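None of these values were measured; they are calculated from a predicted model.
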Number of protein chains: 2
Amino acid sequence: MQSLISHIQQYCPIGKTALKSLAGALQKVELPKGAFLTTEGKTCNHVYFLEQGCLRGFYNLDGKDITYWFAFENNFVTSFFSFISRKPGVENIQLLEDCTLWAISYDELQHLYAKHTDIERLGRIMHERYYVMLEERFVANHFKEARERYENLATATPHILQRVPLGYIASYLGITQETLSRIRSKT
Amino acid sequence: MQSLISHIQQYCPIGKTALKSLAGALQKVELPKGAFLTTEGKTCNHVYFLEQGCLRGFYNLDGKDITYWFAFENNFVTSFFSFISRKPGVENIQLLEDCTLWAISYDELQHLYAKHTDIERLGRIMHERYYVMLEERFVANHFKEARERYENLATATPHILQRVPLGYIASYLGITQETLSRIRSKT
DNA sequence: TTTCTATTTTGACTTATGTCAAAATTATTG
DNA sequence: CAATAATTTTGACATAAGTCAAAATAGAAA
């Protein structure tokens, strides 16, 4: 849990009382590679802090899996649309490695928001941060060619290439596996 | 200002005191078509509520303007990356019509966050909302063909087609103006 | 209206990327 | 280590979308 605490303190100072409540609400979850945190059609009731391992979010388009994000250590993950809107989502979240996570339920989180201003603030700041990350990624991909998107990825987050099968990376980049393979061979 | 108040009450109830502070911090801004709210290289110090009119966010890529969002009535707009991170941004925000906006500065907003829990909550909820909207758009564009992206746009937000020049819409969709024109002629 | 400007469409051609199928390579596990 | 499964690469070909240039149309201003 220490990794979670230092992660959040990095963005927003949290008082001792709030921290204690937060710690009390968290549940340690350990799952094997291949397991799912949520699947299409379900309402996602938890947000997770990923302490160890990596995972992907994907959805189904015309029978194909489209991976649209990866998460690695020290990040919060959930099916945001579903978690926030309280409606069934279209996303699947699947572990790409054995993972250690800390889970907090929607109700507990709302309770913490109501009780601790520090945590409400943390929630806001985390959402700002995630919004900006998504926007940066959006801009990084918009109107660029596949080769350039791949090179950006390889430079910015080379660890993805080590830990994730190429097929998932291709769909993340919005291209087919064959095209990605060809891009890589001509480097 | 009534439109702003009813907009936010829709998502989160705000107490009278907080509402009064908020109203006091807002400044009415009226600008003509073509004006800019922020430009590349500047740190954006305000968030705006768009009461009337429409505008676009764009950035420069290899000398070309890339429009990546539009905003219409009853939405908050700013250069989020710059506003949140307090660093110079790459975005330009330009009015596509004469607009009426309500502005609040970064410092005033932080002050309101610190003073009113309601407003901190509003901030969090708005950021959740904007995150989900961005994510939905991301998913809507990912891995689909240009014609399909255009048809989604025409169905979901037909008013864009009435109010925005085609060239901007093309770059928003990630295609050239010529391709968009051909898609439209074959409908 | 007429003129001038901005926007949109069309044409000819090039290029990037997709599709389908098969081969090669790399991991996994009995 | 051998056998099986998963992943990655390669080939041949089809197609969506880009580029550059010019024409057509619509809008704004005189």
Legend entry - Presence of donor-acceptor pair under 3.5 Å, side chain of A:Arg182 and base of C:dG18: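 Flag unset: no donor-acceptor pair detected.
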Inset, instruction - Looking only at side-chain atoms of A:Ile175, point me to the closest of C:dG18, D:dT7, D:dT10. - result: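 Of all the options, the side chain of A:Ile175 is nearest to C:dG18.
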Inset, instruction - Tell me which nucleotide among C:dT9, D:dT7, D:dT9 gets nearest to the side chain of B:Arg184. - result: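 Of the candidates, C:dT9 comes closest.
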Inset, instruction - Give a yes or no on whether the ring-centroid distance for A:Tyr131 and B:Phe80 is below 6.0 angstrom. - result: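 Here the rings of B:Phe80 and A:Tyr131 have centres that are less than 6.0 Å from each other.
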Legend entry - Close aromatic pair by centroid cut-off 6.0 Å: B:Tyr172 and B:Tyr68: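 Judged by ring-centre distance (under 6.0 Å), B:Tyr172 and B:Tyr68 do not meet the cut-off.
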Spacing of [X] atom [atom1] relative to [N] atom [atom2], expressed in whole Å:
X        : N      : atom1 : atom2 : value
B:Arg147 : D:dT15 : CZ    : C1'   : 14 Å
B:Lys64  : D:dT19 : NZ    : C1'   : 9 Å
A:Arg149 : C:dT17 : CZ    : C1'   : 10 Å
B:Leu96  : C:dA6  : CG    : P     : 16 Å
A:Leu180 : D:dT7  : CG    : P     : 15 Å
B:Asp65  : C:dA6  : CG    : P     : 15 Å
B:Gln162 : D:dA26 : CD    : P     : 15 Å
B:Gln177 : D:dC20 : CD    : P     : 15 Å

Legend entry - Under-4.0 Å salt bridge between A:Glu97 and A:Lys33: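 No.
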Legend entry - Salt-bridge contact A:Glu178-A:Arg182 (side-chain N to carboxylate O under 4.0 Å):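 Judged by the 4.0 Å cut-off on N to carboxylate O distance, A:Glu178 and A:Arg182 do not form a salt bridge.
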Is there a side-chain contact between [X] and the phosphate of [N], meaning an N or O under 4.0 Å from OP1 or OP2?
X        : N      : value
B:Thr176 : D:dA17 : no
A:Thr179 : C:dG18 : yes
A:Ser185 : D:dT9  : no

Legend entry - 5' priority, DNA chain C, between A:Glu178 and A:Ala146 [closest heavy atom]: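 The 5'-side residue here is A:Ala146.
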Taking the six-membered ring of [Y] as reference, does the cationic atom of [X] (NZ for Lys, CZ for Arg) lie under 6.0 Å from its centre and within 45° of its axis?
X        : Y        : result
B:Arg56  : B:Tyr168 : yes
B:Arg86  : B:Tyr106 : yes
B:Arg184 : B:Tyr150 : no

Inset, instruction - Using a 4.0 Å cut-off on protein heavy atoms (strictly under), produce a 5'-to-3' string for nucleotides 23-30 of chain C with B for base contact, S for backbone-only sugar-phosphate contact, and - for none. - result: --------
